There are 2 protein chains.
Amino acid sequence: MVKFQDAQLDRTFSALADPTRRALLARLEREDGLSVSELAKPFPVSLPAIMKHLDVLSDAGLLTRTKAGRTVSCHLIAEPMEEAMGWLARYQRFWTERLDALEALLEARRKGEG
Amino acid sequence: MVKFQDAQLDRTFSALADPTRRALLARLEREDGLSVSELAKPFPVSLPAIMKHLDVLSDAGLLTRTKAGRTVSCHLIAEPMEEAMGWLARYQRFWTERLDALEALLEARRKGEG
DNA sequence: CTGAAACTTAACCATCGAGTTAAGTTTAAG
DNA sequence: CTTAAACTTAACTCGATGGTTAAGTTTCAG
């Protein structure tokens, strides 16, 4: 009964369930390409702990790392969140009618772009 | 640096990270007020296992249970997902260029297939 | 009153998650 | 060449998670 494709959703939601990881992503959203140690600096945990969080984010497909010399730059990949957002969108009708507004907007833009 | 209010977001994303729990919520989205045993029926796990999932969902504020006689009805509470959706919305700009894809996704969700 | 249905609780187990410290590797600087 | 910076890996702890079976409680049906 459990669908195989849900594995990506599992990893995405699981990755987002930790406040440190959400903070890391939020940081990269504002300033992409930060190094591991720059990312780690604000947090009261050890560097290996941050490494593990980055590993989780990488495994969820939310992050890539590129090495240049001895420093490693981290880059956000937001796409997996789209699926998570799509899953949540189903429930939007329970708290707002904004779904219709969003769809109308998207429809209008789609037609506009031809 | 870690905000206290994030605890709710932790619980919400954590609750959504399990495919069984997502399936339980999806079931209630289509048919609210199902009993515990009705909810449990489709799953290949024991009733106590489902009970634990329901506990997690309750703790995350995504579910309430009302007892009538010896049967317990489960009711979806979607509101906590609004905060999760709000968190994700920040990243929307990274994929909203692909309007057709998002639109299709929303449309599919709205029509209510798996 | 008896028994079964519908949970619920308890006790247990294996694995995972998030953290630690310590040691290793690679690269740049002095 | 030596050392330090910037990771990385390893080994460990400990509590949480997701599952089990077994036993208990409450309510309804016969």
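Order of the sequence lines fixes the chain letters, A, B, ..., with proteins taken first and strands second; residue numbering starts at 1 for each chain. Model, not experiment: these values are computed from the prediction. Just so it is clear, the values below take in all heavy atoms, side chains as well, and ignore hydrogens, waters and symmetry mates.
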**OP:** Could you pick out which residue, Val72(B) or Ser14(A), lies toward the 5' side of DNA chain C when each is mapped onto its nearest nucleotide?
**Re:** Val72(B)
Subject >> Contact under 4.0 Å: Thr20(B) side-chain N or O vs dG18(D) OP1/OP2 >> reply: no
Original post:
Between Ser37(B) and dC7(C), does any side-chain N or O lie under 4.0 Å from OP1 or OP2?
Top reply: yes
**OP:** Of all the heavy-atom pairs spanning Cys74(A) and Leu54(A), show the shortest one and how long it is.
**Re:** SG-CD1, 4.2 Å
Original post:
Closest nucleotide of DNA chain C for Pro48(A) versus for Ala68(A): which of these residues is on the 5' side?
Top reply: Pro48(A)
Original post:
When you check the phosphate oxygens OP1 and OP2 of dC7(D), does a side-chain N or O of Ser35(A) lie under 4.0 Å from one of them?
Top reply: yes
**OP:** I would like to know whether Asp6(B) and Phe13(B) meet side-chain contact (heavy atoms from CB on, under 4.5 Å); could you show each step before the answer?
**Re:** CA-CA 11 Å; Asp6(B) 287 357; Phe13(B) 279 129; over 6 Å; no
Original post:
If only side-chain N and O atoms of Arg21(A) are considered, is one of them under 4.0 Å from the OP1 or OP2 phosphate oxygen of dA18(C)?
Top reply: yes
Original post:
Quick one: is His53(A) getting a side-chain N or O under 4.0 Å of the dG17(C) phosphate, OP1 or OP2?
Top reply: no
Original post:
OP1 or OP2 of dG19(C) less than 4.0 angstrom from a side-chain nitrogen or oxygen of Ser46(A), does that happen here?
Top reply: no
**OP:** Send over the distance from Glu38(B) CD to dA5(C) P, rounded to a whole Å.
**Re:** 15 Å
Subject >> Nearest-Å distance for atom pair CZ/C1', residues Phe43(B) and dT20(D) >> reply: 18 Å
**OP:** Round to the nearest Å and state the distance from Asp10(A) atom CG to dT17(D) atom C1'.
**Re:** 14 Å
Subject >> Rounded distance [0.5 Å steps], NE2 in His75(A) versus CG in Leu34(A) >> reply: 9.5 Å
Original post:
Can you tell me if Arg22(B) uses its side chain to pair, donor with acceptor, with the backbone of Leu16(B) under 3.5 Å?
Top reply: yes
**OP:** For Arg70(B) and for Asp18(B), locate the closest nucleotide of DNA chain D by heavy-atom distance; then report the residue assigned to the nucleotide nearer the 5' terminus.
**Re:** Asp18(B)
Subject >> Length of the CG-C1' vector between Leu54(A) and dC7(D), whole Å >> reply: 11 Å
Original post:
Nearest-Å distance, CD1 (Ile50(B)) to P (dT17(D))?
Top reply: 17 Å
Original post:
Starting at CG of Leu34(B) and ending at P of dA6(C), how long is that distance when rounded to a whole Å?
Top reply: 14 Å
Original post:
Nearest-Å distance, NZ (Lys52(B)) to P (dA14(C))?
Top reply: 14 Å
Original post:
Minimum heavy-atom separation for Leu47(A) to Ser37(A), with atom names?
Top reply: CD1-CA, 4.4 Å
Original post:
Whole-Å distance between dT8(C) P and Met51(B) CE?
Top reply: 4 Å
